[in-house]
Structures are given as structure tokens and as C-alpha cells.
Novice: 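Pasting a structure below so you can have a look.
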Amino acid sequence: MLKVNDINVYYGNIHAIKGVSFEVNEGEIVTLIGANGAGKSTILKTISGLLRSTTGSIEFLGHNISNTPPHKIVSQSLAHVPEGRRIFLQMTVQENLEMGAFTQDGSKLRQDLDDVYKQFPRLNERQRQIAGTLSGGEQQMLAIGRALMSHPKLLMLDEPSMGLAPILVEQIFDIIKALRDNGTTILLVEQNAQMALSIADRAYVLETGKIILSGTGQDLIQSDEIRKAYLGG
Amino acid sequence: MVFLSYLISGISLGSVYAMIALGYTMVYGIAKMLNFAHGDVIMVGGYVSLIAMTSWGLPVWAAVVVAMVACTVLGVVIEGLAYRPLRSAPSLAVLITAIGVSYFLQNSAQLIFSPNPKSYPVIINGSLSLFGGKLTISYISLVTFLVCVIIMIALTLFTSRSKMGKAMRAVSEDKGAAQLMGINVNRTISMTFAIGSALAAVAGVFLCSSYTTLMPTTGSMPGIKAFTAAVFGGIGSIPGAFLGGLLLGIIEAMAKAYISTNISNAIVFAVLIVVLLVRPAGLLGKYVPEKV
Ligand SMILES: Nc1ncnc2c1ncn2[C@@H]1O[C@H](COP(=O)(O)OP(=O)(O)O)[C@@H](O)[C@H]1O
Ligand SMILES: [Mg+2]
């Protein structure tokens, strides 16, 4: 479904991503784990067009999207929930969801809103609330709900568990599993390696801009290297 | 009665400031930049409407439409050529560019229309006489105020209800996230300039009509005052620009009437400074601390 082939990304002189290749197949949860600063967010931003790779290609559903501007990528059914949620804090919950449906045909808006509200009852109770006043967990749900409004086939999530209490982290991961079971392919970026590996079909480990390991979620959870580096022994 | 007539002339003047301030605040609110050339777009609107009325013999409403079209195109071209390449540049670079654009427009107008003032027709004659002739309100004052209120309400509805208006607010909060929603940020900002400049054209017609003269620097002082009004009301806030413009006009009219014509501008700015000391975000602005 998604094929990332030998991308290199620079911030000025900083070589942040060094020849990374990986792929995501339809129906999978694939996770990209790695320490802070490894380059996880940079990869997702490059896929969604906010940053450009100087080499290689990014193929999605058979099309090369490496030169597609970011605002045209979402209508190809690829959605990105960015790190730190980045919801529109001064807009209401419902307006945020409407922005998620920006590229969609307006006639389906009501139906899509109802679907998201059914999936996230917390948002349903808070339709007219200003998003900046939501709790962290609710904001994350809104960020995911907003991305779902564009009917993505592939959903990229950047550290959805960041800053959330363990019980909320579990809720978010349950939501991610449910999304996959309903047919959405997931590319999950996490620092919380334990949780991410436990739900992932396959995983890639990123270190200073390079993929150093890959395998199934189960294999990596059991690998000594990973246990030492990311799972605290 | 005398006080009332000063008040009315203040409201009339303030309505013109408010129209200009609405354009300023719109562009600032969405694109997060101070378009210091906004006042000069007003001047261009003045010349275009003057030509449309005197040389082409068009009626006032048609001249307003022609000026709106011309200023919309001008605003979009300025944004595309001068500001868009600086989208990720420091805001100081953008500010300096805007000042450059302002002088460019003024000097171009001097070249084309000469620096000499041209007389501008009063677009609406006649007045309403109240209290047995003790108080007269000119129709132009009434129309100016009415048009200003309509513009304010229309802009408020546009940004709060329409899909494009909401997209503008999204762009103003977070350009990156807006792009991830599929919003074309460049096009949205162009659209903002188009609206702001179309408003500038309308303001230009009312401004010139109340001054009854027009020259290449006509837009510059009202531009600065309208910017002040926008800050006064809370920059980025649509009702704030309206309120700020009206109050500024009223303060100016009162200062002229009761204190001194010579220092009326100084008084206006003194009031602004006091207001900003007490309410740094302006009257209706929300104080948003810089994110760290
Ligand atoms: N805007 C930026 N400018 C310069 N360097 C950056 C920028 N964003 C990220 N980097 C650098 O790129 C590297 C990868 O960052 P990032 O992709 O955010 O890592 P991660 O998401 O894995 O924590 C880091 O070394 C970071 O310092
Ligand atoms: Mg990151």
C-alpha cells in the first residue's frame, strides 16, 4: 500500500533521515519506534508532503506521491495525525471535525460527523466546546476523529500516547486496534515501544535517521537488543 | 445638540476607519502579517473609482464595483509577488517588504496621476434634518455607517459559518495542520487578501468622498489610524476592528471640537497607549501568551 524507498531528508545541514526504506501493506498495523530525535516525525512529515526527500520515492496505492503538495495528499486517502495533536485550539470540536472533512463532498458531512460522534461519545457531548478546553485524552480523540473525517485508507499516527495517563493510553490503543479491524491500515509512530509492539503486525526500529532492525511485533518484543534499548531491560 | 452633531461626525469618520481596520485585521488575523500597504490600496481604489466616475461616466455603484475588482486583483498580485516568497521568512522581513510595497504604490500613483490633489465628488448629497433643523445628519454619514455595519456582520458570518471562512481560521491557527486537512494555504491567504483589498476599495470611495480630495498619499494617514483602530479593538478581532474604528473616529472628532485641531492626532494616540497599557490585547482581543 505504502512503499517508502530510500528517502533522505535534511533540515539545512542536518541530515535527519539517511536512506530509509520500508513498506506498509493493506490491513496491517506497522509501527516505527525509536528514541526521541531518531527521525520518526520527520518520516511521517515527508510522507504527507510537509517535508521533501532529496532522493528516492514514496509510493502510495501505486502512485508516486513524493512531489505531491501536502494539501493534495489527504484527498488520496492518506491522513496524518501529527505529533502533539495540533488540533485547532480556538475552534469548536465540531469545527475541527469539519476541517477534517475539508476535501470531502459536503453532502456526506452530517453522516460522517454522526459516525465519529458514535465512535467517540466524549466528543459527542462536547460538540460546541472550544477544543483548547478539552483534556489531553479528549484532544487526542479529536485529532484522530478529525483525521477519520477524510475517510483515510492509511492513517498515520505520531505518538498518540504522548502525555496521557496509562488508562487513556490503553483506550487510544484500543481505538487504533478497532480502526484496523474496520479496515483502516495504520502506520504508528511511538516512543512507547512496549505498547506499540504489542499491537503491531510489523515494526521498524529507527536510530539516528536509519532503520536498524525490523520484524514482526512479537519478534521484536522478544529480541534482547530491543528489550535493553527500549523496554527497560 | 452641538455635542450630538460632533458625535455624528465622529461616527461617520470612525466608520471609514472601521472599514479600513476590518481589512487590516482580516489579513493580520489570517496571514499573521501587518500589510502596511493596505492604506495605499485604498488610495488606488480612490483613483480607480474617480476615473470610473469622471472619465467613463459610470454611476457611483458601478464605480465602486470597478474599484473593488481592481483592488482585489492588486491585493492578490501584491500577496503573490511580494509576500508569498517570504512565507517562512522572519516577520521583520515581511514588515519591511510591506513598507516597500506601500512606497511603491504611492510613487507609482505620483508618476501616473501626478502628486497634485484631484477633487473627488461627494457621492451622496443631501441630509436629514431633525429637531426642527437643530440637528442635521448627512445621508453620506448614514450610508457610511450602514455599509460599515453590513461589512462587519458579513465578515463575522463568513468567518464563523462558511467553509472557506473556517478554513481561514484554521490556517491562522496552524498552517501545517491546515495543510494536513487538505487546505491549500496559499490559496486561502490569497483569498484573505482579495477580501481585504475589496474592502479597501469600498473604504477608499467613502474616504475620498468625505475628504473631497485625492492624492497619492491620501491612504497613508488613514491607513495608520485604521491600523491603530484595529490594535485598539484587538487586532485579529472583527468586532474589535469595528469598535476600535468607531471609537477612534469619535475620540478624534471630540478632540478636534473640544481641545484642539492641531493636537487631535496626538490625543488619539495617547488614548491608544493608555488603553494598551490597561488591556494589552486591545478592547476585544484575547490575550494569547506566546507558546514556549
Ligand atoms: N525544524 C527542525 N529544524 C532542525 N532540525 C530538526 C527540526 N525538526 C527536527 N529536527 C532534527 O531532526 C532529527 C529528527 O527529529 P524528529 O523527526 O522530530 O525525531 P522524533 O520524531 O523521532 O523524535 C532530530 O535530530 C531533530 O533535532
Ligand atoms: Mg517526533
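All values below were derived from every heavy atom in this structure, side-chain atoms included, with hydrogens, water molecules and symmetry-related copies excluded. Reminder, nothing fancy here: chain letters follow the sequence lines and each chain counts from 1. Computed from a predicted structure; not experimentally measured.
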Novice: Any idea which heavy atoms bring A/Phe102 and B/Ala167 closest together, and the distance?
Specialist: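 Distance-wise, the nearest heavy atoms are CE1-CB, 3.6 Å.
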Novice: Checking A/Ile73 against chain B: side chain, backbone, both or neither under 4.5 Å from a heavy atom?
Specialist: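 Looking at A/Ile73, nothing touches chain B.
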Novice: Do other residues, nucleotides or ligands put more than 12 heavy atoms under 6.0 Å from B/Arg84 CZ?
Specialist: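 Above 12, so yes.
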Novice: What part of A/Ala147 gets within 4.5 angstrom of chain B, counting heavy atoms only: side chain, backbone, both, or neither?
Specialist: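 Interface part for A/Ala147: neither.
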Novice: Go through the atoms of A/Gln104 and report whether side chain, backbone, both or neither lie under 4.5 Å from a heavy atom of chain B.
Specialist: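 Contact with chain B is through the backbone of A/Gln104 alone.
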Novice: Crowded around A/Glu23 CD? As in, over 12 foreign heavy atoms under 6.0 Å?
Specialist: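 Result for CD/A/Glu23: enclosed.
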Novice: Between B/Arg169 and A/Met91, is the side-chain contact (heavy atoms from CB on, under 4.5 Å) condition met? List the steps.
Specialist: CA-CA 8 Å; B/Arg169 283 157 58 210; A/Met91 298 171 79; 3.7 Å; yes
Novice: Is it the case that more than 12 heavy atoms not belonging to A/Lys3 sit under 6.0 Å from its NZ atom?
Specialist: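 No, because the 6.0 Å sphere around NZ of A/Lys3 holds 12 heavy atoms or fewer from other groups.
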Novice: So which part of B/Ser160 gets closer than 4.5 Å to some heavy atom of chain A, the side chain, the backbone, both or neither?
Specialist: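 Only the backbone of B/Ser160 comes within 4.5 Å of chain A.
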Novice: Name the region of A/Ser150, side chain, backbone, both or neither, that has any atom closer than 4.5 Å to a heavy atom of chain B.
Specialist: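 Interface part for A/Ser150: neither.
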Novice: Around atom CZ of B/Arg161, are there more than 12 heavy atoms from other residues, nucleotides or ligands closer than 6.0 Å?
Specialist: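 For B/Arg161, atom CZ is not crowded (no more than 12 foreign heavy atoms under 6.0 Å).
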Novice: Could you point out which residue of A/Lys45, A/Met99, A/His71, A/His80 forms a side-chain contact (heavy atoms from CB on, under 4.5 Å) with B/Leu180?
Specialist: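 When A/Lys45, A/Met99, A/His71, A/His80 are each tested with B/Leu180, the side-chain contact (heavy atoms from CB on, under 4.5 Å) holds only for A/His80.
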Novice: Would one find more than 12 heavy atoms of other residues, nucleotides or ligands at under 6.0 Å from atom NZ of A/Lys18?
Specialist: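 Atom NZ in A/Lys18 is crowded, with more than 12 foreign heavy atoms closer than 6.0 Å.
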Novice: Does a sphere of radius 6.0 Å around OH in B/Tyr103 hold more than 12 heavy atoms from other residues, nucleotides or ligands, not counting ones at 6.0 Å or beyond?
Specialist: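 Atom OH in B/Tyr103 is not crowded, with 12 or fewer foreign heavy atoms closer than 6.0 Å.
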Novice: Check this for me: does any side-chain nitrogen of one of A/Glu98 and B/Lys163 sit under 4.0 Å from a carboxylate oxygen of the other?
Specialist: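 Salt bridge flag = no for B/Lys163 with A/Glu98.
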Novice: Which heavy atom of B/Met181 sits nearest to which heavy atom of A/Gly100, and what is that distance?
Specialist: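 Here B/Met181 and A/Gly100 meet closest at SD-CA, 3.7 Å.
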Novice: Any sub-3.5 Å donor-acceptor pair from B/Glu173's side-chain atoms to A/Leu89's backbone N or O?
Specialist: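 Yes.
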Novice: What closest approach, in Å, do B/Asp174 and A/Phe88 show between heavy atoms, and which atom pair accounts for it?
Specialist: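 Shortest heavy-atom contact: O-CE2, 3.9 Å.
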